Amino acid sequence: MIRLPCLHASGKWGYIDQVGRWVIEPVYDFASSYARSNIASVVIGDNGRRTLVDIKGRNLFAPRPYQDLIALDDGYAIAETDSLVVINRLGEEIWSPQCENLDAAGPGLFIEWLESWDRCRLVRMGGVPVIDKEFHELSVYAQKRVVLAREETGYVLMDFGSNVLRSYSHIYDSLSPFDERGRAVFSSQGMCGVISEDESLVLPPIFRSIDFCFGRDKTMVVCRDGEDGPFGVYDATNCDFVGGDFEYVAPATDENLFWGFNGSWSLYRKDGSCMAHDVCMELVHAVEGVYQGLVDGDGRMFYGFIGAKGLETVRCQI
């Protein structure tokens with residue numbers, strides 16, 4: 001059953017279903033999206049205490065004075081007070097990592113950040129190294145059991161056995177994680193382009209910056225006329241811009257659509273034609289893969305579902 005975090009007019013958060021009905025009453029001061037493990041993090045009370053809730057909204061343990069609490073897909077959570085601790089769904093402490101920050105990287109996998117975010121390493125629960133080496137950057141592909149890491153000499157693709165599968169050219173000043181289609185944004189000598197996982201050139205470095213890629217042959221391009229220039233959508237196949245200039249652009253949950261902002265957000269097809277004008281003033285976040293959280297001009301929250309008939313909305317704040 002779908003549960004979407006939603007802000008009520010009272011200022012409290014709860015959860016709604018796909019048609020806007022409250023399935024968990026708005027009683028929280030903040031509510032996160034549910035992880036795949038069917039737990040979510042919520043804030044309760046003016047003192048900002050946090051706990052985990054199950055799929056029915058029941059507290060799994062008494063609220064605690066955590067500064068942050070992040071529910072993970074494997075049923076654990078990362079809690080932050082003066083230090084970091086990994087807990088299970090019942091709030092029992094599993095591991096106290098000795099690092100400055102901790103990112104989940106897959107089931108039972110974590111990235112430990114050291115030396116003011118300058119160094120990092122991949123570990124299992126309990127701090128056992130997966131790769132007995134530290135890196136400057138690290139992107140983990142848990143299902144493939146490989147990492148993209150930046151070493152002193154450049155970027156490498158490495159498996160969990162510490163075997164280097166591919167070394168990438170040292171001319172890359174930066175290299176983003178590869179997306180589900182095996183593409184990554186790189187920068188070199190102040191310009192950005194896109195490469196495939198085998199380092200084939202998808203888009204030459206002709207842009208000041210690239211924000212993200214979407215669709216089979218589209219690339220969202222930032223600042224085509226310089227660092228303060230407009231956003232555009234670039235067709236890598238036809239080597240041309242589509243959709244005009246925008247103050248900002250954001251991906252839609254449907255890869256054939258995107259959001260463009262010029263005073264308000266409108267929804268566009270990937271060929272640049274507008275699907276829905278002036279939908280909202282503020283774009284909030286994507287939830288559950290198909291809904292886009294939005295706020296309209298009156299400050300009311302609703303969810304937009306992109307279906308076969310176009311953009312359908314569900315009002316939430318009442």
Side-chain angles (χ1 to χ4, degrees), residues 1-73 77-80 89 104 247-254 257-267 275-307 310-318:
M1 182 181 294
I2 290 179
R3 278 156 168 68
L4 305 172
C6 182
L7 179 65
H8 189 268
S10 64
K12 297 291 186 178
W13 287 76
Y15 292 88
I16 62 168
D17 62 14
Q18 64 268 32
V19 296
R21 295 174 300 199
W22 291 101
V23 289
I24 299 176
E25 291 299 316
V27 296
Y28 309 113
D29 289 271
F30 180 74
S32 74
S33 298
Y34 273 88
R36 294 177 183 174
S37 52
N38 286 332
I39 59 175
S41 171
V42 297
V43 178
I44 299 176
D46 295 335
N47 55 11
R49 289 177 176 262
R50 290 171 165 81
T51 186
L52 299 174
V53 295
D54 65 13
I55 200 68
K56 293 185 178 181
R58 297 174 296 198
N59 292 358
L60 295 176
F61 53 86
R64 299 172 182 172
Y66 293 135
Q67 296 172 15
D68 200 6
L69 182 62
I70 303 172
L72 305 180
D73 289 339
I78 300 174
E80 180 181 353
R89 61 191 298 124
E247 294 177 41
Y248 200 75
V249 178
T253 49
D254 186 328
L257 304 171
F258 66 92
W259 296 95
F261 183 81
N262 277 319
S264 62
W265 289 97
S266 298
L267 187 64
M275 185 178 188
H277 278 288
D278 300 333
V279 175
C280 61
M281 300 300 295
E282 184 178 353
L283 195 64
V284 183
H285 61 307
V287 182
E288 295 291 336
V290 291
Y291 295 92
Q292 195 81 31
L294 309 170
V295 176
D296 67 13
D298 297 324
R300 294 173 297 180
M301 181 175 286
F302 62 92
Y303 282 89
F305 170 62
I306 304 168
L311 182 67
E312 304 169 7
T313 63
V314 175
R315 294 285 175 176
C316 300
Q317 194 177 42
I318 55 176

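Scope of the values below: all heavy atoms of this structure, side chains included, with no hydrogens, waters or symmetry mates. Note that this is a predicted model, so its numbers are computed, not measured.
When all heavy atoms of Ser37 and Leu72 are compared, the pair lying nearest together is OG-O, 2.7 Å. Closest heavy-atom contact between His8 and Pro26: CB-CB, 3.7 Å. Considering all non-hydrogen atoms of both residues, Ser264 and Asp278 come closest at OG-OD1, 2.6 Å. Taking each heavy atom of Leu60 and Thr51 in turn, the nearest pair found is N-OG1, 4.2 Å. The shortest heavy-atom contact between Arg36 and Asp73 is N-OD1, 2.9 Å. The heavy-atom pair separating Gly263 from Met281 by the smallest distance is O-CE, 3.5 Å.
A side-chain contact (heavy atoms from CB on, under 4.5 Å) with Ile24 is found for one member of Arg58, Lys56, Arg3 and no other, namely Arg3. Exactly one of Ile44, Asp54, Leu52 qualifies for a side-chain contact (heavy atoms from CB on, under 4.5 Å) with Asn59. That residue is Ile44.
Using bins of under 30°, 30° to 60° and over 60° for the plane-to-plane angle, the ring pair Tyr248/Trp265 lands in the perpendicular bin. Relative ring orientation between Tyr15 and Tyr28 is described as perpendicular, the plane-to-plane angle rising above 60° on a 0-90° scale split at 30° and 60°.
Rounding to the nearest 0.5 angstrom, the gap separating the CG atom in Asp17 from the CH2 atom in Trp22 is 10.5 Å. Between the CG atom of Leu267 and the CG atom of Leu294 there is a distance of 9.5 Å, given to the nearest 0.5 Å. Atoms CG and NE2, on Leu311 and His277 in that order, are 13.0 Å from each other to the nearest 0.5 Å.
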Exercise for the section: With side chain to side chain contact (heavy atoms under 4.5 Å, CB included) as the test, would you mind laying out the steps for Val42 and Trp13 before giving the verdict? Expected result: CA-CA 9 Å; Val42 297; Trp13 287 76; over 6 Å; no
Handout entry: Step-by-step salt bridge (charged side-chain N to carboxylate O under 4.0 Å, His left out) determination, Asp29 to Lys12
Key = CA-CA 5 Å; Asp29 289 271; Lys12 297 291 186 178; 3.2 Å; yes
Exercise for the section: Please test Leu283 against Phe261 for side chain to side chain contact (heavy atoms under 4.5 Å, CB included), starting from the C-alpha separation and ending with a verdict. Expected result: CA-CA 9 Å; Leu283 195 64; Phe261 183 81; over 6 Å; no
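The environment of Arg64 atom CZ is dense: over 12 non-hydrogen atoms of other residues, nucleotides or ligands sit within 6.0 angstrom.
Remark: side-chain polar atoms of Ser41 are not paired, donor with acceptor, to backbone N or O of Ser32 under 3.5 angstrom.
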